[in-house]
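Down below is the structure, laid out as structure tokens.
What you see is a predicted model; the values in this text were computed from it and never measured.
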Amino acid sequence: MSVLTALARAEAVESGRAQLLTTVRHTHVAERPLVLVPLALAGEAAAPLAAMVGTDPRAGRLLVVANPRDRTQRFQFVAQLAKIVLAYVEGCSRAVDTGHTAKLRYAEAPQVLVPNRGGVEFIRLLGRSTRFRRTYGPHPVHRSVPLLGQWLTFLRERADHPGSAMLLALTEVLGEHWATGQSGLEDANLAALLGWIDPPAGLDGAAAAELAEDPLRWPPAGPSTDPTFDNEILAPALAAYARGADPQAQSRAEAALGGALQEQLEPTWGLMWRAVELLRARPAGASVEARWGIDRDAFTVYHMSLAEGTALPQPRRDSAVAAAGRLDRLEREQARYEAQRALDDPLVMAEFRLAGEAFTGTVVSASPNRVDTSGKKAALRPHITVQTEDPVRLEPGALLVSPARLSQQAMVVSVSSVDVVLELSKGMGRSTKQAAPGSVPEVGEVVTYGPVSDAYQPPGRFPTRDETPWTHGGPPPDYQPTDTDAAEDWS
């Protein structure tokens with residue numbers, strides 16, 4: 001937890017209401033997201049019990065598995081869910097972006113919202129348990145089941161990419177934008193978190209969060225269920241369905257089970273759409289649309305490859321080299337995402353200033369028409385000196401950018417106790433001898449410089465499979481007999 005976040009939590013406790021951690025929204029919120037609230041059978045992580053799903057807050061579709069331990073009923077549930085999810089995915093691929101991008105890009109991409117991190121894990125397990133199912137042979141499933149598994153796996157994989165908005169746990173999104181007066185573990189409860197952010201009239205955040213802990217008023221937001229509900233309501237309902245001696249008795253038991261599960265899901269369904277409204281009310285950051293464009297590119301490529309039958313298989317687990325390469329990409333994406341958030345948001349930039357990775361100060365001297373002649377070709381490279389009171393922990397050669405001049409880069413030349421000398425490049429017009437008016441900060445101007453969001457970071461170098469040790473998935477070493485192996489033991 002950072003210093004500013006800790007301060008915001010303390011202020012939330014004192015004021016009785018959640019405090020904003022950002023000035024803008026850093027996550028894309030689709031016009032038509034698909035909300036999914038799943039429930040799983042206790043003790044059976046991959047056994048779905050029920051789900052409420054849909055794109056209309058007034059018309060959520062309830063799906064129920066009357067006997068979660070029955071394989072046939074489980075995959076009937078998955079087939080029903082696939083019908084809804086796949087129709088939503090196809091709806092996102094009907095319009096093509098006609099902007100200036102040279103490559104084909106769909107105008108939209110699917111956005112699936114779940115209540116918490118447990119919902120994301122549920123999607124991972126459901127995708128893994130369905131994408132390898134066969135539609136023929138022993139125990140066949142509907143042809144939509146493995147396709148749904150592929151899409152759920154794709155969405156879960158995208159959720160690991162920093163800044164991606166295709167699969168979101170709303171407790172995590174809200175926690176990135178508001179600080180409450182409770183612990184991070186308590187923030188995983190959607191009802192308690194929203195109680196701090198938007199408490200009912202006459203209540204403060206602490207009182208609203210205390211009410212949210214009552215499972216009768218606010219049942220758990222899935223996929224886990226409340227133990228009291230399991231013992232007193234769910235277990236008897238499942239037993240009544242199993243004892244049904246005729247179709248009518250089973251139908252009555254299934255209706256009673258569906259009513260009980262709907263009462264468990266509807267409160268969270270309402271909370272999900274309330275959270276969406278709160279996020280939509282915040283203005284979006286400048287870089288949000290660019291990150292959503294990356295999501296749309298990924299969706300376009302995967303959708304087209306599935307349609308053409310050229311999609312790469314989704315392995316059960318990555319090889320050692322593939323896992324290392326993926327981790328390297330995610331680390332670079334995380335750094336870029338954090339830099340973009342800082343450039344979009346002064347409150348996030350303040351975190352970097354406290355860490356010494358950014359600074360704000362006043363320009364005390366400037367050489368706007370300085371030309372660097374040390375290279376083969378003369379280049380316009382103005383110098384400015386910024387006087388700052390922030391702790392600066394940057395080495396000479398570090399690249400920075402100002403939110404006021406995003407197209408311009410600044411390289412740290414030297415750092416003293418109060419002065420930072422910067423060399424500017426790019427974003428100063430076409431002239432090689434004179435900077436365009438206003439492109440170079442003037443003396444007396446207050447400027448902020450932070451991390452570069454689009455600086456090129458070379459990918460890591462990893463061995464090929466043939467060069468990977470056999471202990472990490474590579475080929476076994478060639479057998480080379482030695483004199484000891486060739487000698488015969490006659491003892």
Practice problem: On the 0 to 90° scale, with breaks at 30° and 60°, tag the Trp151-His303 ring pair as parallel, tilted or perpendicular. | Solution: tilted
Quiz item: Strictly by modelled atom types, are Arg291 and Ser287 linked by a side-chain donor-acceptor pair under 3.5 Å?
Solution: yes
Quiz item: For Gln334, which residues count as a side-chain hydrogen bond (donor to acceptor under 3.5 Å, both in side chains) partner, sequence neighbours excluded?
Solution: Glu338
Quiz item: With distance as the sole criterion, is a donor-acceptor pair present between the side chains of Thr362 and Gln387 under 3.5 Å?
Solution: no
Practice problem: Give a yes-or-no answer on whether the side chains of Glu186 and Ser183 include a donor-acceptor pair shorter than 3.5 Å. | Solution: yes
Quiz item: When you check the side-chain N and O atoms of Asp419 and Thr385, is any donor under 3.5 Å from an acceptor?
Solution: no
Quiz item: Pick one: which of Leu194, Leu36, Val37 meets side-chain contact (heavy atoms from CB on, under 4.5 Å) with Met272?
Solution: Val37
Self-check item: Any side-chain donor near an acceptor of the partner, Thr171 and Asn116, under 3.5 Å
Solution: no
Self-check item: Short side-chain donor-acceptor distance under 3.5 Å, Asp345 and His26
Solution: yes
Quiz prompt | Qualifying side chain to side chain donor-acceptor pair (under 3.5 Å) pairs with a residue from residues 390-407, counting only residues at least two apart or across chains | solution = Arg353-Asp390, Arg405-Glu445
Exercise. Would you check if there is a donor-acceptor pair between the side chains of Arg131 and Thr153 at a distance under 3.5 Å?
Key: yes
Quiz item: Can a donor-acceptor pair be found between the side chains of Gln182 and Asp187 at a distance below 3.5 Å?
Solution: yes
Exercise. Could you tell me whether Arg17 and Asp204 make a salt bridge, using a distance below 4.0 angstrom between a side-chain N and a carboxylate O?
Key: no
Quiz item: Of Arg329, Arg326, Arg124, which meets salt bridge (Lys or Arg N to Asp or Glu O under 4.0 Å) against Glu157?
Solution: Arg326
Quiz item: Is there a donor-acceptor pair under 3.5 Å between the side chain of Thr22 and the backbone N or O of Arg25?
Solution: no
